[in-house]
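Remarks on the structure that follows.
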Amino acid sequence: MNRQIRFILILLVLTWAVGGQAQDVEQVVKADPWRSSGAITMSNIFTWPKDSLKTNLPYSYYLSGSLNTTFFGVVSVPMSFSYTNNEYASTIAYPFNRFSLAPSYRWIKTYIGYSTMSFSPYTMSGREFMGGGVELTPPDFPLSFSAYYGRFNKAVEFDSTLMQPLYRRMSGGMMIGYKADMFDVSVNAVRSADIENSISPDRSDTNYVAPKGNVALGLTVNAHPFEATTVSVQYATSIIDNNCSKDDSTNLSPGILSKDDDTYRYQAFKVSANQSVSFGTLGVSYEQVSPNYATFSSYYNTDDFRNLTADFAARIGKFANISGSVGYQRDNLENQEVNTNTQAIYNVGLQLAPIERLSLSGSVSNIQSYVYIKDVVEKATETNQYQNLDTLSYTELNFSTNGTASYTFGDPQALSQTISTSYSYQKTSHEQKYSDDFTDTRLHNLNLSYQISHSDSKTTLSLSANFNRTDAAPQKTDVATYSATLSNSFVKNLRASFSATYNTVKSETDYAITNLRATLDYSFLEHHNVNLNYSALTNNSKPGSPQYSLNLTYTYNFSCGIKRTDGKCHWNGDF
């Protein structure tokens with residue numbers, strides 16, 4: 001028997017054995033012995049003529065699937081996988097071909113394959129790994145436990161197209177929690193390290209990168225000293241060794257990590273208190289993160305700052321809600337930088353509904369945070385939904401504001417119409433990992449849209465205009481996007497749509513992009529779906545334009561299981 005299958009079966013048996021004494025006997029007796037549901041999707045993408053500027057293949061296929069199996073209504077085993085023959089050129093070693101399995105039984109949950117777990121914002125925080133994990137959260141027991149072990153990065157040898165080689169990076173960690181009536185506390189520890197012999201770098205090469213290691217320790221305490229009062233404390237320390245090779249004397253282990261020129265220690269903590277009142281909530285928080293604070297088990301950390309803020313949330317009358325925080329911030333905590341900035345920080349959001357069918361909202365913030373910013377040109381040139389899956393573009397913002405307005409009118413049962421507009425402004429600073437894009441950049445975005453829907457004919461028409469300005473001195477880029485989409489259900493289970501998008505880009509070189517799409521979507525026999533998408537992309541700045549793409553996708557949804565009433569196996573039946 002395959003090792004992976006044996007491992008999954010053993011895991012299920014152990015899971016059942018550990019939780020067997022606490023099982024809900026009544027639920028087990030009444031539930032069906034076995035139920036499964038899932039879907040399989042196969043996409044075939046044909047592109048012509050060949051794009052010499054990208055790595056897209058003339059033919060690409062994407063196979064993905066999901067399966068959720070339940071035994072006796074208490075043991076749940078969700079699983080998913082994806083596979084493609086298309087490989088993306090990327091400076092980040094994230095493979096696309098993957099699978100994940102998450103068996104669970106009541107308060108026992110396990111992770112197998114590509115998974116994410118979170119212990120603390122300052123230690124393990126949503127970092128994807130390839131391996132295994134477990135979470136034990138018994139409801140009638142004060143202790144909880146979480147642990148994981150797996151691979152963060154695949155090994156990548158040096159290549160002139162990459163910024164630097166990557167070692168295979170392994171990581172493991174655990175968290176133990178204790179919960180009482182008036183407080184709960186948890187501690188966690190995470191260790192991550194590069195495997196030195198996973199690649200063979202030349203130490204004499206100027207591009208040589210030493211293997212690194214990291215230990216992160218965290219403590220979280222939440223207390224409820226009074227009714228409607230919550231006090232929270234989070235503390236973490238991160239120790240990074242920038243050279244943990246065998247030739248280096250440092251051994252990366254908590255407590256015995258020797259202090260040398262390659263080893264750095266960082267700290268972060270946050271204390272907050274919140275009180276519920278009649279009109280909303282009030283709170284205060286203090287946060288401090290040392291310069292260069294980072295961990296290998298989180299993607300990004302904002303560092304080198306001290307924040308003291310007051311938080312609030314309130315309802316004003318029957319039509320308005322306001323929330324936000326105001327306070328004080330200082331950076332350059334250890335005077336390592338030339339300049340020190342101190343400023344009042346604020347984050348305020350307002351939602352209004354002054355009349356029926358009209359909604360207004362707005363927000364303004366100068367609190368630094370990492371966000372994902374989409375490239376509008378990249379989005380406009382997509383010919384299929386898989387084209388930019390490897391994009392990982394984060395930017396640190398230190399000021400942002402936005403406002404939206406939406407109004408719906410007409411008869412919702414006959415002819416319904418909606419008009420909306422939004423504007424956003426973002427100022428970015430500092431750095432963007434793996435790239436210099438969006439550094440010290442100002443972005444403006446204005447969007448106008450109109451949609452009309454006719455319920456009897458099942459026809460929808462959408463018109464929109466989007467204006468985007470990116471000001472990254474000394475260069476400015478203006479992008480105007482105009483689009484129209486018409487969709488209609490001609491017959492039962494068949495829906496067709498047509499969209500046209502026209503982009504004008506004004507920068508160092510002016511050019512225009514036109515993207516025409518036609519889509520047919522057909523569902524049949526209840527469990528089958530076929531989607532045909534045709535795209536014609538014209539970019540007058542690139543040779544070989546226009547480019548055509550045909551995407552044929554088939555999806556099969558299924559369900560099966562053994563029903564308790566007759567003991568028979570039912571395929572695609574209703575449960």
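Residue indices begin at 1 and follow the sequence shown.
- Between the side chain of Asp194 and the backbone N or O of Lys212 there is at least one donor-acceptor pair closer than 3.5 Å.
- For Arg168, the salt bridge (charged side-chain N to carboxylate O under 4.0 Å, His left out) criterion is met by no residue, not counting sequence neighbours.
- Residues Ser80 and Ser66 bring no donor and acceptor atom of their side chains to less than 3.5 Å of each other.
- Between the side chains of Ser238 and Asn214, at least one donor N or O lies within less than 3.5 Å of an accepting N or O.
- Looking at Val505 and Asp478, their side chains never come closer than 4.5 Å, going by heavy atoms from C-beta outward.
- Every residue was checked against the side-chain hydrogen bond (donor to acceptor under 3.5 Å, both in side chains) condition with Asp510, not counting sequence neighbours, and none meets it.
- By the side chain to side chain contact (heavy atoms under 4.5 Å, CB included) test, Asn341 pairs with Asp331, sequence neighbours left out.
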Thr477 vs Ser507, side-chain hydrogen bond (donor to acceptor under 3.5 Å, both in side chains): CA-CA, chis, key distance, verdict: CA-CA 5 Å; Thr477 302; Ser507 185; 3.2 Å; yes
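- For Tyr407, the ring pair (Phe, Tyr, Trp, His ring centres under 6.0 Å) criterion is met by Phe409, not counting sequence neighbours.
- Ser120 has its side chain within reach of Asn188: a pair of non-hydrogen atoms, C-beta onward, lies under 4.5 Å apart.
- Looking at Asn366, its side chain does come within 3.5 Å of a backbone N or O of Ala344 through a donor-acceptor pair.
- Between Gln336 and Pro291, the closest heavy-atom pair is OE1-CB, 3.6 Å.
- Side-chain N/O atoms of Ser115 and Ser100 include no donor and acceptor closer than 3.5 Å.
- The shortest side-chain heavy-atom distance between Ser76 and Asn68 falls under the 4.5 Å cut-off.
- Seen from the ring of Phe296, Arg169 counts as a face-on cation partner, given the 6.0 Å and 45° thresholds.
- Paired with Gln267 under the rule side-chain hydrogen bond (donor to acceptor under 3.5 Å, both in side chains), one option of Tyr122, Tyr235, Tyr293 passes, and it is Tyr235.
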Take Ser483 and Ser464 through the test side-chain hydrogen bond (donor to acceptor under 3.5 Å, both in side chains) and record every step on the way to the result. CA-CA 5 Å; Ser483 62; Ser464 67; 2.6 Å; yes
For side-chain hydrogen bond (donor to acceptor under 3.5 Å, both in side chains), just list the numbers for Ser171 and Ser192, CA-CA rounded to whole Å, side-chain angles, deciding distance to a tenth of an Å, and then say yes or no. CA-CA 4 Å; Ser171 179; Ser192 309; 2.8 Å; yes
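- A donor-acceptor pair under 3.5 Å links the side-chain atoms of Thr237 to the main chain of Tyr266, judged by distance alone.
- With a 6.0 Å radius and a threshold of 12 heavy atoms from other residues, nucleotides or ligands, Met130 has its CE atom above the threshold.
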Which donor-acceptor pairs under 3.5 Å do the side chains of residues 220-231 make with protein atoms, sequence neighbours left out?
residue: Asn222; atom: OD1; partner: Ser232; partner atom: OG; Å: 2.9
residue: Asn222; atom: ND2; partner: Asp184; partner atom: OD1; Å: 3.2
residue: Thr229; atom: OG1; partner: Gln275; partner atom: OE1; Å: 2.2

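- Looking at Phe129 and Arg151, their side chains never come closer than 4.5 Å, going by heavy atoms from C-beta outward.
- For the residue pair Thr123 and Ser298, the shortest heavy atom distance occurs at O-CB, 3.8 Å.
- Side-chain contact, Glu128 with Tyr114: no donor N or O sits under 3.5 Å from an acceptor N or O.
- Not one N or O on the side chain of Ser499 forms a donor-acceptor pair closer than 3.5 Å with the backbone of Ala484.
- Contact record, Thr404 with Ser422: CG2-CB, 3.6 Å, taken as the closest heavy-atom pair.
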Which pairs of donor and acceptor atoms, one on a side chain in residues 309-320, lie under 3.5 Å apart (sequence neighbours left out)?
residue: Thr309; atom: OG1; partner: Ser285; partner atom: OG; Å: 2.6
residue: Arg315; atom: NE; partner: Gly317; partner atom: O; Å: 3.4
residue: Arg315; atom: NH1; partner: Asn321; partner atom: OD1; Å: 3.3
residue: Arg315; atom: NH2; partner: Lys318; partner atom: O; Å: 2.9

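- Residues satisfying the ring pair (Phe, Tyr, Trp, His ring centres under 6.0 Å) criterion with Tyr286, sequence neighbours excluded, are Phe269.
- The shortest side-chain heavy-atom distance between Leu463 and Leu461 falls under the 4.5 Å cut-off.
- Between Leu446 and Thr421 there is a side-chain heavy-atom pair separated by less than 4.5 Å.
- Taking the six-membered ring where the residue is Trp, Phe467 and Tyr482 present perpendicular rings, their angle passing 60° and hence far from 30°.
- Listed for the Asp304 side chain is a donor-acceptor partner under 3.5 Å among the backbone atoms of Leu333.
- Classified by interplanar angle (parallel below 30°, tilted 30° to 60°, perpendicular above 60°), the ring pair Phe399/Tyr346 is perpendicular.
- Asn307 and Gln329 are linked by a side-chain donor-acceptor pair at a separation below 3.5 angstrom, with hydrogens and angles left out of the test.
- Residue-environment remark: CG (Asp411) exceeds the threshold of 12 foreign heavy atoms within 6.0 Å.
- The side chain to side chain contact (heavy atoms under 4.5 Å, CB included) test with Phe119 singles out one residue from Ser146, Ser186, Ser297, and that residue is Ser146.
- The side chain to side chain contact (heavy atoms under 4.5 Å, CB included) test applied to Ser416 returns Thr408, not counting sequence neighbours.
- Checked by atom type, the side-chain pair Thr340/Asn332 shows a donor-acceptor distance below 3.5 Å.
- Distance alone, capped at 3.5 Å, places no donor-acceptor pair between the Asn301 side chain and the Asp303 backbone.
- Checked against the 6.0 Å centroid criterion, the rings of Tyr111 and Tyr148 do not qualify as a close aromatic pair.
- Heavy atoms from other residues, nucleotides or ligands lying under 6.0 Å from CD of Glu508 number 12 at most.
- Between the side chains of Ser535 and Asn515, a donor-acceptor pair is found at a separation under 3.5 Å.
- With sequence neighbours left out, the ring pair (Phe, Tyr, Trp, His ring centres under 6.0 Å) criterion links Phe145 to no other residue.
- Counting non-hydrogen atoms of neighbouring residues, nucleotides and ligands closer than 6.0 angstrom, the CD atom of Glu356 reaches no more than 12 such neighbours.
- The closest donor-acceptor contact from the side chain of Ser118 to the backbone of Gly126 lies under 3.5 Å.
- When the side chain to side chain contact (heavy atoms under 4.5 Å, CB included) test is applied to Ala500, the partners found at least two apart in sequence or on another chain are Phe498, Leu516.
- Applying the ring pair (Phe, Tyr, Trp, His ring centres under 6.0 Å) criterion to Tyr178, with sequence neighbours excluded, gives no partner residue.
- In this structure, the side chains of Gln451 and Ser462 come closer than 4.5 Å at one or more pairs of heavy atoms.
- Considering all non-hydrogen atoms of both residues, Ser487 and Ser497 come closest at CB-CB, 3.7 Å.
- For Thr137, the side chain to side chain contact (heavy atoms under 4.5 Å, CB included) partners at least two apart in sequence or on another chain are Trp107, Ser144.
- For the pair Arg330 and Phe305, the minimum side-chain heavy-atom distance is 4.5 Å or more.
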Test side chain to side chain contact (heavy atoms under 4.5 Å, CB included) on Ser82 and Tyr62 and set out the steps. CA-CA 7 Å; Ser82 57; Tyr62 297 83; over 6 Å; no
